[in-house]
Amino acid sequence: MEKRLIKKDALAGIAKKMAGDFLVWAPVKKEDNILFEPLQKDAEPFFAYLNSKNAPKNVFFPHTETLIKYTRTEKGMVFSEDENKAKDAVLFGVRSCDAHSFALLDMLFDQEKYKDGYYIAKRQKTTVISLACVKPPYASCFCTSVDGEPVSSEGADILLTDIGSDYLVEFVTPKGEKLTKYFGDTKADAASETRKTEIVAKAKDAIKSKIPAHEVKPILDKNFDNPFWATIHGKCLACGTCTYLCPTCHCFDISDEVKGSDGVRLRSWDSCMFPMFTKETSGHNPRTSQKERWRQRTMHKFKYYVDNFNAIACVGCGRCVMSCPVNIDIRKIVEDISKL
Amino acid sequence: MQNPYIPYPVVVDKIITEVDTKDIKTFRFKFINPEDEAKYNYIPGQFGELSIYGKGESPIGIASSPTKKGYVEFTVQKAGVVTSALHEMEEGEVMGLRGPFGNSWPLEFLEGKNIVIVGGGFAFTTLRSLINYMIHDDNRKRFCNITVIYGARNPGLLLYKDELDEWGKRTDLNLNVTVDKGDANWKGREGFVPTVCKEVAPSKENAVTVICGPPVMIRFTLPVFFELGFSKENIITSLEMRMKCGIGKCGRCNVGSKYVCKDGPVFSLAELDKLTPEY
Ligand SMILES: Cc1cc2nc3c(=O)[nH]c(=O)nc-3n(C[C@H](O)[C@H](O)[C@H](O)COP(=O)(O)OP(=O)(O)OC[C@H]3O[C@@H](n4cnc5c(N)ncnc54)[C@H](O)[C@@H]3O)c2cc1C
Ligand code: SF4
Ligand code: SF4
Ligand code: FES
């Protein structure tokens with residue numbers, strides 16, 4: 001694996017240089033939020049961030065995306081697909097947990113039988129550069145409980161690790177290696193690798209929040225009807241914040257919009273927390289209250305995804321924990337389930 | 001590779017109003033591009049997404065049999081936005097069709113067995129596809145006795161009336177049509193589907209029941225088949241959930257770990273027992 005060293009203050013310059021050549025998604029400051037957005041000319045990326053407010057999943061799975069366009073003509077409806085227009089891009093500086101989420105989303109969108117060309121096209125064209133968490137940013141981070149690590153190359157093409165005065169740059173995949181030219185020509189020495197090994201261990205140690213994420217699977221298998229499910233949702237507002245911010249939540253709606261003789265078919269994020277999500281035209285709704293919806297959310301992450309893909313659909317980023325307006329904490333839920 | 005979100009363009013070739021209340025129609029579509037018909041290679045029990053630009057899409061079971069070439073049919077009840085727009089369509093208009101999606105009636109499993117088909121109301125559509133498939137000259141020998149029990153609330157609500165007449169004349173199919181309540185012209189059977197099932201009392205020997213209908217019908221019919229000795233492995237049904245993508249991505253239609261659009265809609269009762277009872 002190719003490894004180099006760059007000076008720490010060189011990072012923003014590299015991102016800006018890349019932005020001259022292709023689309024670069026980078027963390028930027030917007031009011032008091034940090035968001036992953038296309039880096040505009042003259043804009044400053046902000047790499048001293050903890051984590052972004054939004055999960056960077058929107059790079060591959062935008063909040064709203066056109067599936068097809070259509071026009072009414074004399075000959076009837078003519079439509080064109082909007083797929084495969086993905087541009088060469090770099091997603092610069094995502095946290096390890098968020099890069100891990102891409103590996104999880106790939107399992108769903110890039111399956112054997114049905115492939116989601118919209119997602120896959122963007123994924124293939126985008127190089128992911130992870131910025132490891134040498135100091136885990138929040139007390140609510142629990143990546144180590146869900147098969148992650150604060151310094152990890154899972155889901156990344158290039159991994160950047162802050163080793164003091166420099167970043168150690170590791171080109172993890174062939175796709176990442178194509179970008180070596182942006183990272184100077186200082187080869188990493190043995191000392192810097194030793195330093196990284198120490199940092200990895202320390203960072204892992206610093207994650208204090210732990211949940212029994214694997215242990216609950218057999219319990220969930222047997223406890224669909226447990227009275228416990230009635231105890232979670234009491235305060236839930238069904239606002240959907242937890243699912244919108246979650247890097248692994250992928251549910252969407254499909255809807256049509258028409259203006260004059262032109263129209264589009266869009267997909268947009270949806271949420272299993274919304275009462276309408278499963279409501280059928282007849283009025284029948286298989287999930288009649290927030291209790292069933294919270295059970296679905298928990299089951300989906302810690303049982304159904306494991307059944308289908310042998311992976312937990314949570315990367316431990318803690319966004320849902322930090323942003324839920326009524327402080328519902330998925331860590332506590334998993335903890336409680338482990339005691340059922 | 002075919003983009004599964006893009007509908008095939010189809011033309012509305014024929015519209016048949018099925019019922020007196022006029023809110024259930026059968027739509028026959030022809031593919032505008034002949035090569036699309038070959039790609040739309042379906043099996044009875046699968047469904048399609050009917051796509052009307054500007055309105056949206058609806059998942060609808062395929063009502064025709066793949067043994068009928070040149071077209072594909074869907075029987076649709078007028079319900080909300082898309083199905084109402086569909087009911088406004090006229091012959092010759094162009095719209096879209098996605099699919100075919102889902103698993104299907106388990107044809108291989110049914111082969112060499114006595115088949116009991118139980119249908120109620122307008123959920124009869126994919127059963128009709130299965131019946132027409134099984135009684136086709138190429139296939140009839142692959143199945144043993146075929147018994148059909150089909151009920152509607154009143155004679156005006158029976159679907160596919162011409163076909164029912166034809167099936168009734170066949171000697172290789174035991175057809176039992178019933179209505180909850182007949183009218184002055186009705187000469188057939190009266191009675192609810194569960195009662196008729198009890199009367200017909202199909203043998204469990206080497207037999208499989210395929211059942212589709214409104215929840216109340218299913219609820220009262222299943223005990224009849226349990227009493228007749230049918231095992232849960234040998235009772236097959238089809239589920240309905242709200243759907244969007246049809247390909248297991250949008251996360252809307254799961255029952256436990258299974259997506260009804262992709263892993264279903266057809267399940268045996270034994271399989272359903274293993275899933276969460278959330279549908
Ligand atoms: C596998 C399957 C087979 C079906 N087969 C038939 C059939 O043969 N004939 C028939 O008349 N109906 C069938 N339905 C039900 C039919 O899909 C709904 O009645 C229809 O989608 C209502 O759409 P709408 O736009 O008119 O209603 P609206 O309420 O205006 O639209 C809501 C949207 O939500 C979705 N939706 C709403 N209800 C349902 C539902 N029950 N099932 C699935 N998606 C839903 C659709 O995307 C729909 O466009 C089937 C449903 C499924 C899942
Ligand atoms: S469930 Fe919560 S902690 Fe887990 S990945 Fe989603 S937002 Fe992060
Ligand atoms: S963020 Fe909190 S209140 Fe909002 S839907 Fe999620 S659990 Fe409910
Ligand atoms: S309809 Fe989208 S997952 Fe089944």
Side-chain angles (χ1 to χ4, degrees), chain A residues 67-68 70-72 75-84 108-109 111 113-119 224-225 243 249-258 261-265 267 270-272 276-282 284-288 292 295-296 299-300 303-308, chain B residues 1-7 9-11 32 49 51-59 77-85 92-96 98 101 214-215 239-263 274-279:
Chain A
L67 295 178
I68 47 179
Y70 45 86
T71 315
R72 190 184 292 279
K75 280 188 263 151
M77 281 291 184
V78 176
F79 65 85
S80 62
E81 38 188 308
D82 219 43
E83 199 189 339
N84 297 326
L108 181 100
F109 283 120
Q111 271 171 50
K113 182 155 181 211
Y114 290 115
K115 299 201 177 283
D116 189 291
Y118 304 85
Y119 172 90
F224 189 79
D225 288 321
T243 57
C249 279
H250 59 78
C251 290
F252 60 84
D253 190 19
I254 299 179
S255 58
D256 282 36
E257 272 180 19
V258 191
S261 55
D262 291 324
V264 281
R265 180 159 295 156
R267 75 154 155 216
D270 207 339
S271 171
C272 61
M276 289 297 288
F277 187 64
T278 47
K279 189 165 178 187
E280 295 165 22
T281 310
S282 62
H284 174 66
N285 195 342
R287 295 185 204 130
T288 46
E292 286 82 9
R295 177 170 61 191
Q296 162 67 17
M299 285 276 188
H300 186 231
K303 167 172 161 57
Y304 303 156
Y305 225 73
V306 182
D307 283 338
N308 287 328
Chain B
M1 218 199 73
Q2 189 75 31
N3 177 342
Y5 294 102
I6 304 286
V10 291
V11 59
I32 291 185
E49 285 275 354
S51 187
I52 300 183
Y53 301 106
K55 300 292 179 191
E57 299 187 309
S58 273
Q77 183 181 44
K78 183 170 164 174
V81 176
V82 178
T83 53
S84 299
E93 282 193 82
V94 172
M95 50 178 279
R98 290 199 295 128
F101 294 133
L239 293 189
E240 222 180 87
M241 291 284 280
R242 185 163 182 183
M243 292 182 183
K244 286 286 172 177
C245 69
I247 54 173
K249 307 279 182 242
C250 76
R252 193 171 304 268
C253 71
N254 73 295
V255 176
S257 324
K258 302 283 181 204
Y259 285 110
V260 173
C261 65
K262 180 171 79 63
D263 307 311
K274 285 192 221 128
L275 298 181
T276 59
E278 202 174 35
Y279 45 84

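We use all heavy atoms of the structure for the numbers below, so side chains are in, but hydrogens, waters and symmetry mates are not. So that the names make sense, note that chain A is the first sequence line, chain B the second, and so on, each numbered from 1.
The distance from atom CG of A/Leu108 to atom CG of A/Asp116, rounded to the nearest 0.5 Å, is 8.0 Å. Atom CZ of residue B/Phe101 and atom OH of residue A/Tyr114 lie 5.5 Å apart, to the nearest 0.5 angstrom. The distance from atom CG of A/Asp307 to atom NE2 of A/His300, rounded to the nearest 0.5 Å, is 10.5 Å. For the atom pair NZ of B/Lys249 and CZ of A/Arg267, the computed distance is 9.5 Å after rounding to the nearest 0.5 Å.
The contact between B/Lys244 and chain A is made by backbone and side chain atoms together, counting heavy-atom distances below 4.5 Å. Contact of B/Cys245 with chain A is made through backbone and side chain together, with heavy-atom distances under 4.5 Å. Within the 4.5 angstrom heavy-atom criterion, atoms from both the backbone and the side chain of A/Phe109 approach chain B. Proximity to chain A is limited to the backbone of B/Tyr279, based on heavy atoms less than 4.5 angstrom apart. The contact between A/Gln296 and chain B is made entirely by side chain atoms (from C-beta outward), counting heavy-atom distances below 4.5 Å. In this structure, chain B has a heavy atom under 4.5 Å from the side chain of A/Tyr70, while its backbone stays farther away. Interface residue B/Pro7: backbone and side-chain heavy atoms are both found under 4.5 Å from chain A. Of the two parts of A/Thr281, only the side chain, counted from C-beta on, holds a non-hydrogen atom closer than 4.5 Å to a non-hydrogen atom of chain B.
With chain B as partner, the option from A/Lys279, A/His284, A/Met299, A/Glu257 having the largest number of non-hydrogen pairs under 4.5 angstrom is A/Lys279. Highest contact tally toward chain A, considering only B/Gly56, B/Ser58, B/Gly80, is held by B/Gly56 [criterion: heavy-atom pairs under 4.5 Å]. Among the candidates A/Asp225, A/Asn308, A/Thr288, A/Asn285, the residue making the largest number of heavy-atom pairs closer than 4.5 Å to chain B is A/Asn308.
In this structure a side-chain-to-backbone donor-acceptor pair under 3.5 Å is present from B/Arg98 to B/Pro4. Looking only at distances, a side-chain donor or acceptor of A/Lys115 sits under 3.5 Å from a matching main-chain atom of A/Gln111.
Note: A/His250 and A/Tyr305 have tilted aromatic rings, judged against thresholds of 30 and 60 degrees for the angle between ring planes.
In this structure, B/Arg242 is not positioned above the aromatic face of A/Phe277 in the sense of NZ or CZ being under 6.0 Å from the six-membered ring centre and within 45° of the axis.
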